[in-house]
J.: 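Okay, here's the structure, questions in a sec.
Order of the sequence lines sets the chain letters (A, B, ...), proteins ahead of strands, with each chain counted from 1.
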Amino acid sequence: MLEIQRIRQEKEAILAGLAKRNIDASQTIEAILETDQNWRSAKTQLDQVAAEMNQLARTIGELFKSGQQAEASALKEKTSVLKTQEAELKVQVNALEESLQALLYTLPNVPNELVVQGREAEDNQNIFEAGTIPQFGFEAQPHWDLAKKYKLIDFELGVKVTGAGFPFYRGKGARLQRALIQFFLDEAIAAGYEEFISPHMVNEASGYGTGQLPDKEGQMYYVKEDDFYLIPTAEVPLTNIYRDVILPDGNFSIKMCGYTPCFRREAGSYGKDVRGLNRLHQFDKVEIVRVEHPDNTAKALDEMLEHVKNLLDKLELPYRILRLCGGDMGFASALTYDFEVYSAAQEKWLEVSSVSRFDTFQANRLKLRFKDDKKTTLCHTLNGSALALPRILASLLENHQTANGIQIPKALQAYTGFSVIE
RNA sequence: GGAGAGGUGUCCGAGUGGUUGAAGGAGCACGCCUGGAAAGUGUGUAUAGGUCUAAAGCUUAUCGAGGGUUCGAAUCCCUCUCUCUCCGCCA
């Protein structure tokens, strides 16, 4: 959520920024400013009436104390007019506040200066490539065939027990999955992130805190009985640890990581995009989350990019980094880098990580601030996948396949306990 | 799930209708005292908003959350929520 003060002061800059998302926000901004103006004047009136009421109540109290019943009763009658006024103004103020809030919720974050205007994936900027795309002397098999051949994943069984998008991992497939989680966590911990095991369901307030609510209810599984949402990413519980928190000084750098399953309804997805492991309703992910002083955000983002690069290097996978264009960025993000791994048999790039800075956008909703001398200032938040498992698994299988089996990268062998899947 | 007790500021803790944004204490910050420290002593110590060029000042709201009663609510009533104790159930 953008700060209202910022909209008042930097209207033009915000409009220019949002244009990079192909959004013409001028009408919304005008509506916001007008509502804000109306709200403020109504609020001022309400405050004045309330002040008068308070003054009267105090006087009445004193009169009663000194036994001047008649005078007190006379004053009491005066209050009835004020009371009606106050009630009316209160309704007005509340209504304006609500519509202001609703309008603010509709505005996405303003893109960083590095972000280019663009509409779709083709407009993203390729800023880095590493690794080599393997050449096979045989016909490479897609991961769903490999998974079946080596009995690593059973999609049909998942359909039977739950539904599409909820696969079973079995045998070495399960072991490989567990190895990856452990590997990712160990790497994150080595990089200074504190590990958390979080709840897998969150309440409504947390959904609002990180921006899943309102509007994206349809993306989350919802437990009606208890009003809980299944988390779509560990970002939600981890970031919400800092909801309604004021850090005591500006000297902080909070680094958290956590493994969780992630639940996504993915309503509207279909076709070959969802084949095999490409898109699941439940998948595993290790997430890294940071809360930073605004001065440190750029550096933190760089560190996170390096961290993910390092993971992919160790897994010996060919990958590239894209800086997302305005139209392809998430709602809350100011700057996002996507990591894509080349999947040798599907012959396409698969997104395996998304690293973003949100600046004050989430912090404003979360009310996450720090004390700076006497002022309280909003913190910055960042997060990134490090990494999401299914597509990593898919590309491991596809890129490291040989005629006789699947080679496990060296860095992983200590975790899997085997070096090849035959 | 049933019965009961409770949720007050950074912490402890008082407060059952009238200058209570909130006694008292601890902690913390700054000052005085001291050769230095401790002790002692003084002052300060929430958040969000409105008004204001800004600061100061003035003002509104906030004692788990929301609503209600009242001229006036931390204090009374209702709903929800969380914590604790006992019982029940249970990995």
Side-chain angles (χ1 to χ4, degrees), chain A residues 1-11 32-105 197-209 213 223-229 237 240-252 360-379:
Chain A
M1 188 165 64
L2 295 176
E3 299 137 84
I4 184 70
Q5 298 90 332
R6 189 170 158 203
I7 297 178
R8 284 183 205 143
Q9 287 158 16
E10 304 171 22
K11 184 175 118 183
I32 285 173
L33 290 174
E34 193 191 329
T35 311
D36 177 52
Q37 191 53 53
N38 292 340
W39 174 78
R40 282 196 284 173
S41 75
K43 172 76 170 140
T44 303
Q45 285 179 56
L46 174 62
D47 282 359
Q48 280 165 359
V49 173
E52 256 183 90
M53 290 277 288
N54 286 344
Q55 183 53 47
L56 268 176
R58 237 169 282 157
T59 314
I60 291 171
E62 276 159 29
L63 288 174
F64 268 122
K65 255 188 179 168
S66 58
Q68 294 165 270
Q69 306 285 345
E71 289 85 341
S73 303
L75 274 185
K76 262 196 202 181
E77 297 192 1
K78 265 183 77 177
T79 59
S80 70
V81 183
L82 285 174
K83 224 181 169 181
T84 345
Q85 257 181 36
E86 190 188 29
E88 279 166 8
L89 282 167
K90 221 176 214 170
V91 170
Q92 238 184 75
V93 167
N94 285 343
L96 286 166
E97 219 164 62
E98 260 174 52
S99 44
L100 182 59
Q101 192 68 240
L103 282 167
L104 285 171
Y105 273 140
I197 295 180
S198 79
H200 297 167
M201 298 188 207
V202 295
N203 57 29
E204 193 179 35
S206 293
Y208 276 93
L213 298 175
V223 182
K224 194 176 170 195
E225 189 84 338
D226 297 289
D227 206 11
F228 291 150
Y229 295 87
N240 271 284
I241 291 173
Y242 286 91
R243 173 154 48 82
D244 286 319
V245 166
I246 299 176
L247 299 167
D249 57 63
N251 186 22
F252 63 91
T360 58
F361 195 84
Q362 285 185 329
N364 189 32
R365 283 196 183 191
L366 291 162
K367 299 200 178 67
L368 165 54
R369 292 153 294 178
F370 66 95
K371 277 212 188 240
D372 198 6
D373 294 320
K374 293 233 162 154
K375 281 197 311 190
T376 52
T377 309
L378 290 169
C379 300

J.: Go through RNA chain B and write down every stem, that is, every run of at least three consecutive Watson-Crick or G-U wobble pairs with distances under 3.5 Å, as range with range.
T.: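 RNA chain B forms these stems: B:1-7 with B:81-87, B:10-12 with B:24-26, B:27-32 with B:40-45, B:46-51 with B:57-62, B:64-68 with B:76-80.
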J.: For A:Arg369 and for A:Ala57, locate the closest nucleotide of RNA chain B by heavy-atom distance; then report the residue assigned to the nucleotide nearer the 5' terminus.
T.: A:Ala57
J.: Take atom CD1 of A:Ile246 and atom P of B:rU10, then tell me their distance rounded to the nearest Å.
T.: 9 Å
J.: Is the count of non-hydrogen atoms from other residues, nucleotides or ligands lying under 6.0 Å from A:Gln101 atom CD greater than 12?
T.: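 Yes - once you tally the heavy atoms of other residues, nucleotides and ligands closer than 6.0 Å, there are more than 12.
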J.: Quantified in whole Å, what is the P atom distance between nucleotide B:rG50 and nucleotide B:rA55?
T.: 12 Å
J.: Respond yes when some side-chain nitrogen or oxygen of A:Arg58 is under 4.0 Å from OP1 or OP2 of B:rG72, and no when none is.
T.: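 No, because none of the side-chain N or O atoms of A:Arg58 sits under 4.0 Å from OP1 or OP2 of B:rG72.
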J.: Mind calculating the distance between CD (A:Glu86) and C1' (B:rG50) to the nearest angstrom?
T.: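 Going from A:Glu86 (CD) to B:rG50 (C1'), I get 15 Å.
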J.: Rounding to the closest angstrom, what is the interatomic distance between B:rC12 and B:rC30 at atom C1'?
T.: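 One C1' to the other, the span is 24 Å.
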J.: B:rA48 P sits how many Å from A:Leu378 CG, rounded?
T.: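 Answer to the nearest Å: 9 Å.
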J.: Nearest whole Å is fine: how far is B:rU45 P from A:Lys371 NZ?
T.: 11 Å
J.: Using the P atom as the point on both nucleotides, what is the distance between B:rG13 and B:rA73, in whole Å?
T.: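 Roughly 28 Å separates the two P atoms.
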J.: Suppose you measure atom P in B:rC71 against the same atom in B:rG9; what distance do you get, rounded to whole Å?
T.: 30 Å
J.: Could you tell me the separation between the CG atom of A:Asn94 and the C1' atom of B:rG67, rounded to a whole number of Å?
T.: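 Taking atom C1' of B:rG67 as the reference, CG of A:Asn94 is at 12 Å.
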J.: Atom CD of A:Glu3 to atom C1' of B:rG49: distance rounded to whole Å?
T.: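 To the nearest whole Å, that distance equals 15 Å.
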J.: Return the minimal non-hydrogen interatomic distance between A:Leu378 and A:Phe370, and the atom names on each side.
T.: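 So the two residues come closest at O-CE2, 3.7 Å.
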J.: Could you tell me whether A:Leu82 contacts a base, only the sugar-phosphate backbone, or nothing, with contacts defined as non-hydrogen atoms closer than 4.0 Å?
T.: nothing
J.: Using atom CD of A:Glu204 as one end and atom P of B:rU81 as the other, report the distance to the nearest whole Å.
T.: 13 Å
J.: Hey, is the side chain of A:Asn54 pairing donor to acceptor with the base of B:rG72 inside 3.5 Å?
T.: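 No such pair is found, so the answer is no.
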J.: Taking A:Ser80's backbone N and O only, do any of them form a donor-acceptor pair with A:Thr84's side chain (distance below 3.5 Å, no angle check)?
T.: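 Yes: the side chain of A:Thr84 pairs with the backbone of A:Ser80.
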J.: Output the single nucleotide from B:rC71, B:rU51, B:rU60 whose closest atom is nearest the side chain of A:Ala51.
T.: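 Of all the options, the side chain of A:Ala51 is nearest to B:rU60.
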J.: Return the nearest nucleotide to the side chain of A:Lys43; candidates are B:rU70, B:rU60, B:rU47.
T.: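 Shortest atom-to-atom distance from the side chain points to B:rU60.
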J.: Rounding to the closest angstrom, what is the interatomic distance between B:rA22 and B:rU45 at atom C1'?
T.: 15 Å
J.: For atom CG of A:Asp249, decide whether the heavy atoms of other residues, nucleotides or ligands shown that lie under 6.0 angstrom number more than 12.
T.: yes
J.: Run the side-chain contact (heavy atoms from CB on, under 4.5 Å) test on A:Tyr242 and A:Cys379 for me, step by step, so that the C-alpha distance in whole Å, both residues' side-chain angles and the decisive distance to 0.1 Å come before the verdict.
T.: CA-CA 10 Å; A:Tyr242 286 91; A:Cys379 300; over 6 Å; no
J.: For the side chain of A:Thr44, starting at C-beta, report the closest nucleotide among B:rG50, B:rU47, B:rG49.
T.: B:rG50
J.: Please report the distance, rounded to the nearest Å, between CD in A:Gln48 and P in B:rG50.
T.: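 Result: 15 Å.
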J.: Could you give the distance separating B:rA48 and B:rC89 at their P atoms, to the nearest angstrom?
T.: 50 Å
J.: Under 4.0 Å, counting only non-hydrogen atoms across every strand here, what does A:Ile60 touch: a base, just sugar-phosphate, or nothing?
T.: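 Base contact.
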J.: Which value, rounded to the nearest 0.5 Å, describes the distance between A:Met1 atom CE and A:Ile7 atom CD1?
T.: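 Result: 9.5 Å between the selected atoms.
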J.: Between B:rU83 and B:rA26, how many Å separate the two P atoms, rounded to a whole number?
T.: 32 Å
J.: As a test of reading the structure: which of B:rU70, B:rG49, B:rG18 is closest to the side chain of A:Phe64, going by heavy atoms?
T.: B:rG18
J.: To the closest 0.5 Å, what do you measure between CD1 (A:Ile4) and CD (A:Gln9)?
T.: 10.5 Å
J.: If you measure only the distance, is there a donor-acceptor pair under 3.5 Å linking the side chains of A:Asn203 and A:Ser206?
T.: yes
J.: Which one, B:rG72, B:rU51, B:rU60, comes nearest to the side chain of A:Met53?
T.: B:rG72
J.: Would you indicate which nucleotide in B:rU60, B:rU47, B:rC71 comes nearest to any side-chain atom of A:Thr376?
T.: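 Side chain of A:Thr376 sits closest to B:rU47.
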J.: Look at all strands and tell whether A:Gln5 reaches a base, only sugar-phosphate, or nothing, counting heavy atoms closer than 4.0 Å.
T.: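 Touches sugar-phosphate only.
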J.: If you count heavy atoms of other groups shown closer than 6.0 angstrom to CD of A:Gln5, is the number above 12?
T.: yes
J.: Roughly how far apart, to the nearest Å, are B:rG44 and B:rG24 at atom P?
T.: 12 Å
